[in-house]
Amino acid sequence: MAAHRCGLSLVCILFFSSLAHPSNCDTLEKANHNRAEKLSISEVNTDGGVAGEDLNESQWLSTDVEVDGSDGSKNSETLRPAPAKDQFQEELVIRPLHSGDIYASFQFRTLWDTDFLREGQKVSHYRLFPKSLGQVLSKFSVRELHISFTQGFWRTMQWGQPFIPSPPGAELWVWFHDTVSDVDGNWKELTNVLSGIFCASLNFIDLTNTVQPSASFKPLGLGNATDHRFLRYATLPREIVCTENLTPWKKLLPCGSKAGLAVLLKSEKLFHSSFHSQAVHIRPVCQDERCTSKAWELRQTLNVVFDLYTSGQGKKEWSLFKMFSRTLTEACPLASSSKVYVDITDNPEGELFELSPATPLLSQAVVLGDRRTYSVFDLSRAETFGQLRSLNLLLRWKGDSGYIQYQPAKDRHRPHLLEMLIQLPPHSMTEVTVQFERALLKWTEYTPDPNHGFYVGSSVVSALVPSMVAMSTNFTQDQPLFSSFVPVKEESSYFVRVYTEPLLVNLPTPDFSMPYNVICLTCTVVAVGYGSFYNLLTRTFQVDEPSPPLSKRLANLIRRMRGVPLLA
């Protein structure tokens with residue numbers, strides 16, 4: 001009985017101690033919140049000084065601060081407390097592009113305090129890390145796993161470099177532990193399991209489309225593996241990304257798509273874009289700078305580029321509701337950090353676009369070798385949402401940021417319209433290239449000579465050309481009719497409109513002789529069949545007596561000539 005009482009009292013002490021002391025995750029959230037409040041009342045001036053407590057001005061956020069030690073060296077001092085065992089962070093980065101498009105990048109990071117690298121260690125408790133992926137890591141002895149599903153092609157010349165590049169279609173590359181004896185067998189089973197998890201066609205990956213790179217795909221996490229026998233890489237360029245791939249991807253998040261930034265992931269908006277890519281990256285990482293403890297990092301990324309013209313809106317104005325048909329109302333309750341970053345590097349004085357609501361929090365980060373400046377919206381702060389308890393970021397471009405007006409066509413309703421306002425230097429050549437896709441027309445839409453091609457109307461170039469002779473627009477009635485047709489306000493220029501030649505485009509045409517052959521063959525079959533059937537229905541049948549033998553017919557012929565009765 002004493003033993004049982006001791007055990008009971010121990011359980012009670014542990015229970016009440018857990019109630020008296022907050023968890024590591026709660027401590028971290030409060031510390032981050034208090035730290036953000038402290039930093040929000042200070043402002044970093046251009047000379048590095050700290051201004052007074054003015055919340056209307058911009059403040060700068062920094063995660064790490066370098067402090068000079070007593071020996072003159074700089075030590076990295078982290079302002080936050082020690083990280084919790086399991087952590088979840090979510091971020092959204094919005095970058096306005098010069099073309100008027102918007103690049104949105106979601107980052108969801110889950111840290112799992114466990115180490116599968118140790119032999120014989122098995123884990124059965126899952127808090128934030130998805131159990132399906134944890135079992136995959138354990139069963140197939142996976143050291144790193146990287147998988148992406150991409151629809152569209154990233155246009156580097158127009159959009160710059162993405163945060164995480166990925167090829168069109170599906171991509172999968174995996175590093176296995178060096179203790180795996182049958183790598184190909186594990187690779188085959190792993191692709192089948194991942195095919196079921198992500199509802200993709202990864203089961204079509206086999207040895208015929210699998211390679212072992214030796215230089216490009218180094219491990220991104222802990223470990224310096226050099227034996228590429230444990231690396232497998234494969235792609236499926238024809239893989240189509242759809243809602244069936246997005247739904248299981250969202251279910252891997254701790255809050256799913258019910259809270260936090262994940263509420264913006266609406267499939268009908270994400271897939272109605274120029275570029276869409278979702279990925280899952282799993283790797284072992286260090287939990288602190290000295291790497292005294294290790295953890296598994298699950299990073300889910302989703303990158304999307306919203307096209308200005310395919311959105312159907314004629315003005316360059318973006319908002320969260322316009323892009324995702326949703327607004328933000330709260331952060332994920334399980335997230336230790338939930339922020340939205342808007343890139344304002346190219347808009348230091350607000351001359352390009354206007355961002356509302358304004359935020360006093362600013363942050364700087366080095367991205368792809370370039371220092372970028374961001375406006376920060378911390379979803380863990382109540383003042384971020386305002387009185388409406390809803391955050392709808394609005395980005396409005398100032399003026400006309402381009403020489404271009406484009407109206408897309410609708411099939412069999414309206415043609416394309418492209419207008420560009422440009423200034424051409426003298427003795428120069430300007431070339432405009434338009435990409436188009438060939439399509440099949442209905443058979444009633446072909447012209448009588450479709451093999452000749454289809455004509456595209458002439459382009460129009462309208463210009464004000466400088467004149468060598470000043471002209472007066474007040475006495476145009478006294479001038480000859482041929483001297484001027486379009487009056488202009490500027491006396492030192494005249495109006496010119498130039499038309500280009502029409503374009504002849506060859507579209508795929510069917511073999512028009514085939515319908516003729518089919519019609520002829522069909523009519524022949526119908527005529528023969530119908531004629532035979534009609535003949536059988538309308539013909540009358542009569543019984544004919546058998547004809548007498550030749551000798552009897554000759555005898556009757558002689559008898560008829562002699563006038564004698566014929567033989568019966």
Side-chain angles (χ1 to χ4, degrees), residues 22-32 35 63-64 76-91 106-148 163-164 173-180 190 194 197 217-225 230-231 249 251-256 260-262 279-301 331-339 380:
S23 62
N24 292 335
C25 185
D26 296 337
T27 305
L28 179 61
E29 292 179 358
K30 292 182 180 179
N32 288 339
R35 173 179 168 272
T63 55
D64 297 330
S76 179
E77 179 180 327
T78 304
L79 297 181
R80 292 181 298 181
K85 291 186 177 181
D86 289 348
Q87 278 189 335
F88 175 67
Q89 298 172 303
E90 57 178 5
E91 293 179 356
F106 292 85
Q107 298 274 344
F108 302 94
R109 183 173 184 255
T110 304
L111 279 181
W112 188 21
D113 183 24
T114 186
D115 189 5
F116 272 133
L117 299 179
R118 299 179 183 177
E119 295 186 7
Q121 181 176 2
K122 295 183 179 180
V123 179
S124 59
H125 174 71
Y126 296 87
R127 180 175 176 263
L128 299 179
F129 200 90
K131 185 177 180 180
S132 58
L133 295 182
Q135 292 177 342
V136 166
L137 298 178
S138 177
K139 178 177 177 57
F140 299 103
S141 300
V142 175
R143 178 184 293 268
E144 285 193 18
L145 186 146
H146 305 272
I147 182 173
S148 64
F163 293 136
I164 300 180
W173 57 286
V174 178
W175 276 93
F176 294 94
H177 287 284
D178 52 6
T179 58
V180 177
L190 177 62
L194 294 178
I197 293 178
F217 295 91
K218 297 293 184 181
L220 301 182
L222 294 178
N224 189 15
F230 302 98
L231 171 63
W249 185 90
K251 291 182 178 180
L252 300 177
L253 298 173
C255 293
L261 298 177
V280 171
H281 304 277
I282 304 177
R283 59 178 180 174
V285 295
C286 296
Q287 294 201 55
D288 52 17
E289 295 181 357
R290 298 183 179 180
C291 203
T292 57
S293 60
K294 302 177 182 178
W296 281 98
E297 180 195 64
L298 167 62
R299 182 169 297 192
Q300 297 178 241
T301 63
C332 175
L334 300 176
S336 60
S337 174
S338 180
K339 298 179 181 180
S380 61

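Bear in mind the structure is a predicted one, so any value in this text is a computation, not a measurement.
A 4.5 Å side-chain heavy-atom check between P284 and K294 finds every atom pair outside the cut-off. Here the side chains of L222 and C291 are in contact, with some heavy-atom distance below 4.5 Å. Counting only heavy atoms from C-beta outward, the side chains of I282 and V142 never approach each other to under 4.5 Å. Residues T301 and S148 are not in side-chain contact: their nearest non-hydrogen atoms beyond the backbone lie 4.5 Å or more apart.
With sequence neighbours left out, H281 forms a side-chain hydrogen bond (donor to acceptor under 3.5 Å, both in side chains) with H146. Applying the ring-ring contact (aromatic ring centres under 6.0 Å, His included) test to F106 and every residue at least two apart in sequence or in another chain returns F324. Shown here are the ring-ring contact (aromatic ring centres under 6.0 Å, His included) partners of F88, two or more places apart in sequence or in another chain: there are none. Here S338 pairs with E90 under the side-chain hydrogen bond (donor to acceptor under 3.5 Å, both in side chains) rule; sequence neighbours left out. Among residues two or more places apart in sequence or in another chain, the side chain to side chain contact (heavy atoms under 4.5 Å, CB included) test is passed with E297 by R109, L111, R283, V285, R299.
Separation of atoms CG (L261) and CD (Q89) is listed at 12.0 Å; rounding is to 0.5 Å. Here the CD atom belonging to Q107 is positioned 5.0 Å from the CD1 atom belonging to I164, to the nearest 0.5 angstrom. Atom CH2 of W173 sits about 9.5 Å away from atom CG of L145, to the nearest 0.5 Å. Atom OG of S337 sits about 6.0 Å away from atom CD of E91, to the nearest 0.5 Å. One distance of note links CZ of R127 with OG1 of T110; it measures 10.5 Å at 0.5 Å rounding.
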Worked verdict on L298 versus L133 for side-chain contact (heavy atoms from CB on, under 4.5 Å): CA-CA 9 Å; L298 167 62; L133 295 182; 4.0 Å; yes
When you look at F108 and L252, which way does the side-chain contact (heavy atoms from CB on, under 4.5 Å) test go after all the steps? CA-CA 10 Å; F108 302 94; L252 300 177; over 6 Å; no
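In terms of modelled atom types and a separation under 3.5 Å, the side chain of W175 and the main chain of F230 share no donor-acceptor contact. Counting only distance, with no hydrogens or angles, the side chain of E144 and the backbone of G221 share a donor-acceptor pair below 3.5 Å. Side-chain atoms of Q300 come within 3.5 Å of backbone atoms of W249 as a donor-acceptor pair (strictly under, hydrogens ignored).
Closest heavy-atom contact between S141 and V180: CB-CG2, 3.5 Å. Among all heavy-atom pairs drawn from A262 and L253, the shortest one is CB-CD1, 3.7 Å. Nearest heavy atoms, F176 versus F140: CD2-O, 3.4 Å.
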